[in-house]
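Okay, structure first, notes after.
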Amino acid sequence: MNQDANRFLMEEPIGKLMVKFAVPSIISMLIAALYNMVDQIYIGHGIGYLGNSATSVVYPLTVIALAIALLFGSGCGAYFSISQGRKEYEKSCKAVGNASLMTLLCSLVLVAMYGIFQQQFLGLFGATEHNVAYATEYFRYLMIGIPFYMLSNMLNIIIRADGSPRLAMGINCIGCILNIILDPVAIFVLEWGMMGAAVATVFGQMVSGILSVAYLFHTKSFHLKKSSFMLDWKILKNVMALGISSFFTQVTIVIVTAVLNNALVKYGALSKYGADIPLTVIGIVMKIFSVISGISIGLTIGIQPIASYNYGARNITRVKKLFQRMLLSEFCIGIIALVVFEIFPAQIVSIFGSGDELYMEFATLTMRIYLSGIVFTCVQKGCGAFMQAVGKPIFSATMSLVREVVHVVLIIVLPVRLGVMGILYSAPVCDVVAIIVTGWLTYRLIRHLNMSEEDALEAEAV
């Protein structure tokens, strides 16, 4: 173990570091999105759109697990890198041990809750009489993999922060590849249907989770001891404070999805599309959105160790330069996604299986309208993750909460006059509101960085 192993984060060119850390992180986030997408693609072709509708109902329940994993993972990753930058190595070890233990304990509690209140949860997220049997079967087996899923996502951030972004990517890749291989075997060859899709996913999650835990015995810049796992509430509180933004981001997705699914069932039933078409389509569109979101968040999460380490070491000039490059990159990601979504909506949706004319009509409208604010979304998510990296979780959480609260309100209000189309327009409208708030908080962040830079220069002069 070399405690100064991450000093290169202060010395190598920023462009080179961004490529080294961001690319594997983006791939890792895309792989995480693929876990759900692969199931949906195979289910759409093997079972039909009601099977996909069922995965839309179950999806928020996996997001809850991810939210808890990121609460400890993102918070620990930022705290770890800041502590390493300050040369507080014992604190960085304690943070990893405490975060790992809490993630495991929370995962077991969550599985117990899901097992006891399974039908209530499915009903909450929009299960209908047509898809509830599929959703029940799928979720019953998916619950088995939740502890592995949570540990894998939590530890993946730590592995990147420890200077091993490619290994973190590789661990995720192994799980996803296994899922891709086993899905068609379980669904088509063994004819296990929804159970097969779930089993394939769980197997991939188990392998990724086990490999992630194994890394803790082969770390670069820290070494865990038994004392690292003894709960230190002061450190844990700081970890959770830094991770609360990621937690809120995911939890608000769950809340929005619950409101969204129920509104689609209600107003869809009053439209020519019926209840199941809008519910299925929005689930597919959200999975497509998760790909772009994965690229956007993956970019900033990837460079978090660089930002946090330099911020901890008071190298503020380097932090500001990194922030500028991140903003430009996020804007470009959003523009490319917008162009693709507006030009090829039907072709993208068809990847998940085909439907009748009404199905494709609604799918095309949803892609073009619901995702039309994707540029603003990318910029906002990038800024939020960066603020978290430099110890401003309140700024990050505020941005996320404002967007999702406005989104929920619009989902409730707009359909009263516009019907199911009002639900589609809710997303771009809330994106406009969110980017205004993001601009204000970004101004405050830059002012804070400028003040920190002046303080650092004064300290050097003394």
Side-chain angles (χ1 to χ4, degrees), residues 33 35-44 46-69 106-150 183 186-187 192-202 205 250-269 273-287 289-290 352-353 404 408 411-412 420 423:
Y35 264 121
N36 286 310
M37 284 185 63
V38 168
D39 280 354
Q40 199 143 16
I41 291 170
Y42 283 121
I43 288 170
I47 297 170
Y49 76 86
L50 285 177
N52 271 339
S53 178
T55 64
S56 299
V57 172
V58 173
Y59 176 66
L61 297 169
T62 64
V63 176
I64 293 173
L66 181 61
I68 298 171
C106 289
S107 71
L108 297 176
V109 172
L110 190 62
V111 170
M113 290 180 60
Y114 282 167
I116 296 169
F117 303 108
Q118 182 176 353
Q119 292 304 312
Q120 289 88 338
F121 277 116
L122 295 177
L124 177 65
F125 292 111
T128 68
E129 59 178 318
H130 300 110
N131 65 29
V132 68
Y134 290 122
T136 301
E137 182 182 3
Y138 185 65
F139 189 52
R140 182 184 299 128
Y141 294 95
L142 206 65
M143 284 190 291
I144 300 170
I146 284 177
F148 300 96
Y149 175 69
M150 291 176 63
D183 252 330
I187 295 173
W192 286 354
M194 297 296 290
M195 181 189 78
V199 168
T201 298
V202 168
Q205 291 170 347
Q250 300 300 320
V251 168
T252 51
I253 289 173
V254 174
I255 295 171
V256 168
T257 304
V259 176
L260 183 64
N261 284 356
N262 284 284
L264 286 166
V265 170
K266 177 182 177 181
Y267 292 100
Y273 303 109
D276 287 305
I277 286 178
L279 186 62
T280 302
V281 167
I282 207 69
I284 290 172
V285 169
M286 291 299 285
K287 298 290 172 60
F289 169 76
S290 72
F352 297 84
E404 304 308 341
V408 168
I411 290 171
I412 295 171
V420 73
I423 299 173

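Both backbone and side-chain heavy atoms feed into the values below; hydrogens, waters and symmetry mates do not.
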CD1 of I423 to CD1 of I282, rounded to nearest 0.5 Å, is 8.0 Å

The side chain to side chain donor-acceptor pair (under 3.5 Å) partners of N131 (sequence neighbours excluded) come to S53, T128

Rounded to the nearest 0.5 angstrom, the CG-CD1 distance for L264 and I277 is 12.0 Å

Those residues at least two apart in sequence (or on a different chain) that pass ring pair (Phe, Tyr, Trp, His ring centres under 6.0 Å) with Y267 are none

For A258, the side chain to side chain contact (heavy atoms under 4.5 Å, CB included) test, sequence neighbours excluded, returns F125

With the side chain counted from C-beta on, respond yes when Y138 and T55 share a heavy-atom pair under 4.5 Å apart, and no when they do not. yes

By side chain to side chain contact (heavy atoms under 4.5 Å, CB included), Q118 pairs with (sequence neighbours left out) L122, T136, F139, R140, M143

Derivation of the side chain to side chain contact (heavy atoms under 4.5 Å, CB included) call for Q119 and V132 | CA-CA 9 Å; Q119 292 304 312; V132 68; 3.9 Å; yes

Heavy-atom nearest pair, D183 first then G196, reads OD1-O, 4.2 Å

Here the gap from T280 atom OG1 to I284 atom CD1, rounded to the nearest 0.5 Å, amounts to 6.5 Å

Going by heavy atoms in the side chains, are V63 and T257 under 4.5 Å from each other?
no

Nearest heavy-atom approach of G193 to I187 is O-CG1, 3.7 Å

Side chain to side chain contact (heavy atoms under 4.5 Å, CB included) filter on V408, not counting sequence neighbours, yields I255, V256, V259, I412

Closest non-hydrogen atoms of V58 and A135, given as atom of the first, atom of the second and distance, are CG2-O, 3.8 Å

Y273 meets the side chain to side chain donor-acceptor pair (under 3.5 Å) criterion, sequence neighbours left out, with E361

For A65, the side chain to side chain contact (heavy atoms under 4.5 Å, CB included) test, sequence neighbours excluded, returns L110, I146, Y149, M150

Mind checking whether N261 and V265 have side chains closer than 4.5 Å, heavy atoms only?
no

Scanning both residues in full, the closest heavy-atom pair of P60 with V254 reads O-CG2, 3.5 Å

All heavy atoms of N262 vs all of L124, minimum pair found to be ND2-O, 2.9 Å

For A197 and I43, the nearest pair of non-hydrogen atoms, with its separation, is CB-CD1, 3.8 Å

Between the OH atom in Y59 and the CG atom in L66, the distance rounded to the nearest 0.5 Å is 8.0 Å

In this structure, CE of M194 is separated from OH of Y134 (nearest 0.5 Å) by 8.5 Å

